[in-house]
Amino acid sequence: MYGGGTIFENIKGTELENEDPGQLAAFEARIDRGEKIEPRDWMPALYRKQLIRMIEQHAHSEIIGALPEGTWITRAPGFKRKMALMAKVQDEVGHAQLLYSAAETLGKPREQMIDDLINGKSKYSNIFNYPAFTWADSCFISWLVDAGAIVNQLANAKGSYGPYCRALDRICAEESFHLKYGHHCVIYLATGTAIQRAMFQEALDRWWAPMMHFFGPSDNISAHTETLMRWKVKMATNDDMRNQFLDMYVPKIWELGFTIPDPNLRKNETTGRWEYTEPDWDEFKRVINGDGPCNKERLAVRRIAEERGRWVREALQSKQNVYVTPLA
Ligand code: BYC
């Protein structure tokens, strides 16, 4: 269904209507040959728009994603866990910086992206709108949310837009440490006391539905997959990514003796696909559109950070001007 075909052969009446058909064909041929598209290369306006949307959302997800785990730094059990979590959270914020830079190459200024985030105009990953009540919630994020992110990012790092792919390569290298850290934290709970095991089971019960949502709506209702796969921005469909995650991590969760809160979850050995209860897409839509348990709190924290950091940005800006003026 995706990636091939001729959906853009007739561009009349589509968002590609004003593009030059020759340039569009040459662009698509480059993508088919597996070439990377770089910021100064010709690209259809729709490719630029879709990339900005997706990379910007990804950047916001990293910077907001730092919040639920960030609140656990001071409460992490022991000095080593505090140090490791602090480094991880710092990495996530660094990923946001890399991604904002990649999105800026497409022409949208960072200030505007941050404005759109704090004004609720842009989306970010659904999963960070849920509360991390316990230490086990933080362990769930470090292991399984990072695992899901790696599945997505490893695939898309082989995509078509150079700056995004290079950012994803670097991010995946760091995420692989996060994954090991998270897995270690969960094994510690799994092999600990009955209370520790129960604490992780409760976290799993709370986070499983948002985790299934994390990969995006089912292929039959996903709005952007077809276009994004044709242009190799997305290298796998949402359902394929979800399936790959289930393939890799369900056995590991079961191995630790935990129960996944979905009685219909099983692998169909004939199709090689996982079967599961269809995620509640109404809840997903509600949460990504601003009405999740923590949306208001997450954006309020970003708003405060933006206000409190303004003087630093202004000071840096005026210092730059001091250096720039004599050369001008
Ligand atoms: N959450 O047509 P679809 C991390 C929206 S951070 C919210 O399938 P698409 C971490 C979608 O935007 C890394 N919204 O969309 C950080 C669209 O709405 P609009 C997180 C979602 O773009 C700290 C609508 O639903 N990873 O790992 O083709 C600590 C229709 O969907 C979501 C990324 O950001 C969602 N889950 O594909 C720990 C990966 N899913 O824009 C860990 C980058 C869909 O039309 N993003 N929507 O209003 C992607 O790969 C793709 O955007 C998605 C969805 C797979 C998420």
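Heavy-atom basis, side chains included; hydrogens, waters and symmetry copies ignored. Whatever order the structure lists them in is the order used to number ligands and atoms, beginning at 1.
At a heavy-atom cutoff of 4.0 Å, ligand 1 is contacted by the side chain of K234 but not by its backbone. Contacts with ligand 1 closer than 4.0 Å are made by no heavy atom of H95, backbone or side chain. Proximity of Y124 to ligand 1, defined as any heavy-atom pair under 4.0 Å, is confined to the backbone N, CA, C and O atoms. For H58, heavy-atom contacts with ligand 1 shorter than 4.0 Å involve the backbone as well as the side chain. Contact annotation for I127 and ligand 1: no heavy atom of the residue comes within less than 4.0 Å of the ligand. With a 4.0 Å cut-off on non-hydrogen atoms, F215 touches ligand 1 through its backbone and not its side chain. Using a 4.0 Å cut-off between heavy atoms, N126 contacts ligand 1 through both its backbone and its side chain.
Annotation: atom 4 (C) of ligand 1 to nearest protein heavy atom, F128 CZ, 3.9 Å. Protein heavy atom nearest atom 52 (O) of ligand 1, with residue, atom name and distance: M54 CG, 3.7 Å. Remark: minimum distance from atom 8 (O) of ligand 1 to any protein heavy atom is reached at N238 ND2, 2.7 Å. Among all protein heavy atoms, the one lying closest to atom 56 (C) of ligand 1 is F214 O, 4.2 Å. The protein heavy atom nearest to atom 12 (O) of ligand 1 is Q57 OE1, 2.8 Å.
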(request) For Y47 and T227, run side chain to side chain donor-acceptor pair (under 3.5 Å): C-alpha distance rounded to whole Å, both residues' side-chain angles, the deciding distance at 0.1 Å, then the answer. (result) CA-CA 9 Å; Y47 178 80; T227 310; over 6 Å; no
(request) Show your working on salt bridge (Lys or Arg N to Asp or Glu O under 4.0 Å) between R170 and E174 and close with a plain yes or no. (result) CA-CA 7 Å; R170 163 101 183 257; E174 293 185 358; 3.6 Å; yes
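Comment: K121 does not engage D115 in a salt bridge, judged by the lack of any side-chain N to carboxylate O separation of less than 4.0 angstrom. The pair R313-E306 meets the salt-bridge criterion, since a charged nitrogen lies less than 4.0 angstrom from a carboxylate oxygen. We find that R302 and E297 are not joined by a salt bridge, their nearest charged nitrogen and carboxylate oxygen being 4.0 Å or further apart. Checked for salt-bridge contact, E226 and R230 miss the test: no charged N lies under 4.0 Å from a carboxylate O. A salt bridge is defined here as a Lys NZ or Arg NE, NH1 or NH2 lying under 4.0 Å from an Asp or Glu carboxylate O, and K108 with D116 meets this definition. Checked for salt-bridge contact, E92 and K88 meet the test: a charged N lies under 4.0 Å from a carboxylate O.
Residue-to-ligand polar distances keep E62 apart from ligand 1: every N/O pair is separated by 3.5 Å or more. By the 3.5 Å distance cut-off applied to N or O atoms, A223 is counted among the residues near ligand 1. In terms of N/O distances under 3.5 Å, ligand 1 is not approached by F284. Not a single N or O atom of Y164, backbone or side chain, sits closer than 3.5 Å to an N or O atom of ligand 1. Of the N or O atoms in R53, one or more lie within a sub-3.5 Å distance of an N or O in ligand 1. The shortest N or O to N or O distance between H224 and ligand 1 is under 3.5 Å.
Of all atoms in ligand 1, listed by their number and element, those nearer than 4.0 Å to a heavy atom of I288 are 1 (N), 5 (C), 7 (C), 14 (N), 25 (O). Every atom of ligand 1 is numbered from 1 in the order shown, and the set under 4.0 Å from a heavy atom of H213 is 36 (N). Close approach of ligand 1 to L228 is summarised as follows: ligand atoms under 4.0 Å from at least one heavy atom of the residue are 28 (O). In summary, the atoms of ligand 1 found under 4.0 Å from a heavy atom of K88, numbered by their order in the structure, are 29 (C), 38 (C). Numbered from 1 in the order shown, with element, the atoms of ligand 1 that lie under 4.0 Å from a heavy atom of N152 read 39 (C), 49 (C), 50 (O), 55 (C). Shown in contact with E69 at under 4.0 Å from a heavy atom are these atoms of ligand 1, numbered in order with element: 29 (C), 38 (C). For ligand 1, the atoms sitting less than 4.0 Å from at least one non-hydrogen atom of A149 are 27 (O), numbered in the order shown with element in parentheses. Numbered from 1 in the order shown, with element, the atoms of ligand 1 that lie under 4.0 Å from a heavy atom of G216 read 40 (N), 44 (C).
Remark: R298 fails to qualify as a cation-pi partner of Y124 under the 6.0 Å distance and 45° angle criteria applied to the six-membered ring. Judged by the 6.0 Å and 45° rule, R197 forms a cation-pi pair with F258. Relative to the six-membered ring of F79, K82 misses at least one condition, a distance below 6.0 Å or an angle of at most 45° to the axis.
Heavy atoms of other residues, nucleotides or ligands lying less than 6.0 angstrom from CD1 of I195 number 12 at most.
No hydrogens or angles considered: nothing links the side chains of W231 and Q50 as a donor-acceptor pair under 3.5 Å.
Side-chain contact between W254 and T259 is absent, with no heavy-atom pair separated by less than 4.5 Å.
The aromatic rings of W143 and F200 lie tilted to each other, with the angle between the two planes from 30° to 60°.
For the side chain to side chain contact (heavy atoms under 4.5 Å, CB included) criterion with N152, the lone passing option out of Q244, M241, R242 is M241.
When E175, K123, Q153, K285 are ranked by how near their heavy atoms come to atom 18 (O) of ligand 1, first place goes to K123. Around atom 31 (O) of ligand 1, the closest heavy atom drawn from P217, S222, G159 belongs to P217.
For atom 39 (C) of ligand 1, a protein non-hydrogen atom is found at a distance below 4.0 Å. For atom 16 (C) of ligand 1, the nearest protein heavy atom lies under 4.0 Å away.
N126 and P210 get closest at one heavy-atom pair: ND2-O, 3.1 Å.
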